[in-house]
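The next block holds one structure in the form of structure tokens; read it before the comments.
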Number of protein chains: 2
Amino acid sequence: MAQTDTVTRILDTAEVLFAERGFAETSLRNITSKAKVNLAAVNYHFGSKKALIQAVFARYLDPFTERFHTALDELESEYGERPVPLEVLLECMARTVLEVPAERNSLKVFMRLLGLAYTQAQGHLRRFIQAHYGSVFTRFAELVRRATPDLPDAERFWRLHFMLGTVIFTLSGLDALRDIAEKDYGEHVSVRELIRRLRPVVVAGMNAPLPESARAAS
Amino acid sequence: MAQTDTVTRILDTAEVLFAERGFAETSLRNITSKAKVNLAAVNYHFGSKKALIQAVFARYLDPFTERFHTALDELESEYGERPVPLEVLLECMARTVLEVPAERNSLKVFMRLLGLAYTQAQGHLRRFIQAHYGSVFTRFAELVRRATPDLPDAERFWRLHFMLGTVIFTLSGLDALRDIAEKDYGEHVSVRELIRRLRPVVVAGMNAPLPESARAAS
DNA sequence: TCTGATTATAAACGATTGTTTAAAACATAG
DNA sequence: CTATGTTTTAAACAATCGTTTATAATCAGA
């Protein structure tokens, strides 16, 4: 039983430190000392630092993809052949993202990790995430395609990533932005309130008019 | 004259490596060996690695803020007391962002650096950028305020950062996205074309309907 | 051409990194 | 209790990090 305890203590500490300072800036000694665990325990239980990083992600993404798949199952059986409206799809994704880390009050950590997965070099991480969790995103993208039949494929592809960028960038850099916001007009904003603000912006962005044709551009 | 040569060779190499792998993952030995410069040259000319990082940013942001200020000057004198339309402001910013690195074909590097500035911990960088270049952003935000008088202050603040997130996130992670895009539908997309696609999305996001009131939310 | 300051260089510094080793502690089944 | 397999531990590993030092090379001004 002490084994499980050590493994989860390492994961709990690692995810916080990774989220705060990034992967390269967090040493195994930082993690093990704060987790009150022997240094060698990381290599013993996980094999390497890279594997630890992937394990941290898997602990969030495994339940996320599972819940997201069943949520999409429900939507598909509810709507049958009819396309699921875009707002419903976005709402579904947002709800799932909020649910997963809610149990440990770690939404902020989860968001920050997603941001790091995009921006930190860490080629192994991108490959790991793509290989293990790419399919659920493909499925979501296909549903979005049916919800926005007028959008050219390329346009929809990019707008989906614009949307992802907005959300992940905002929620991942939340602490820094919150500092500025509080200094500017003294309002403390919660993650859920931010998501409330994000929704109309994202929907409007997805439904924006098509850009002027490439040839007509200056 | 050899001095200037060494300094710029260090900066040229450092910005590329930083953009590719991040700050912590790029060692001074990586930089100096690739730049064919002695290791100690960095500490001699810049003082420290932190100072080198800041110098890399200053080389982009100094001309950027200067050009942006004069471009905003022209807009203000053109419109006088009337508010500058939002589209014009965004167009002005986009044009300035494109102009600065154009001389060295390093738009990709510039964008990637901006993304890193947001996401990498590097507290000293955030403070440096805020202290040196915060004023031009404040000025821009004030012009946006006059262009969108119907938007509550808090809402506009967050939407501006949503927009920044979309653009920086997209252009900073461009290489990864481009790989996916090419694999999905074989189209190679240029930065300028991406900006063309971004514009209507950003404008629509800024002009999106207000979210349901906080109290009415679930 | 000599002088004095600036720049380049090679070598070493101590600190920290991820990982491995070998022995100790522990748990559990016979 | 004993024996076996698992987990923990302290110590050391080689590699790399940013920085410093002392010396050599280069330059500009008189």
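Below, chain A is the first sequence line, B the second, and so on; all start at residue 1.
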Q. For C:dG18, does OP1 or OP2 lie under 4.0 Å from any side-chain N or O of A:Ser48?
A. no
Q | Salt-bridge criterion met for B:Arg59 and B:Asp12 (N-O under 4.0 Å) | A | yes
Q: Could you check how far CG of A:Leu28 sits from C1' of C:dT20, rounded to whole Å?
A: 13 Å
**Q.** Comparing A:Val37 and A:Arg29 on DNA chain D - which has the more 5′ nearest nucleotide
**A.** A:Val37
Q. Does C:dA8 have OP1 or OP2 sitting under 4.0 Å from an N or O in the side chain of B:His45?
A. yes
Q: Would you kindly compare A:Ala40 and B:Leu39 by the position of their nearest DNA chain C nucleotide and give the one closer to the 5′ end?
A: B:Leu39
**Q.** With B:Phe23, the side-chain contact (heavy atoms from CB on, under 4.5 Å) member among B:Leu52, B:Leu17, B:Leu125
**A.** B:Leu125
Q. Can you tell me if the side-chain N/O atoms of A:Asn38 get under 4.0 Å from OP1 or OP2 in D:dA10?
A. yes
Q) For B:Ser27 and D:dT16, is the shortest distance between a side-chain N/O and OP1 or OP2 below 4.0 Å? A) no
Q) Touch check for A:Thr32, heavy atoms < 4.0 angstrom, all strands: base, sugar-phosphate only, or nothing? A) nothing
Q) Under 3.5 Å, is there a donor-acceptor pair between the B:Asn38 and B:Tyr44 side chains? A) no
Q. Under 4.0 Å: is that the gap between some side-chain N or O of A:Thr6 and OP1 or OP2 of D:dT8?
A. yes
Q: Answer with yes or no whether the side chains of B:Arg67 and B:Thr96 bring together a donor and an acceptor at under 3.5 Å.
A: no
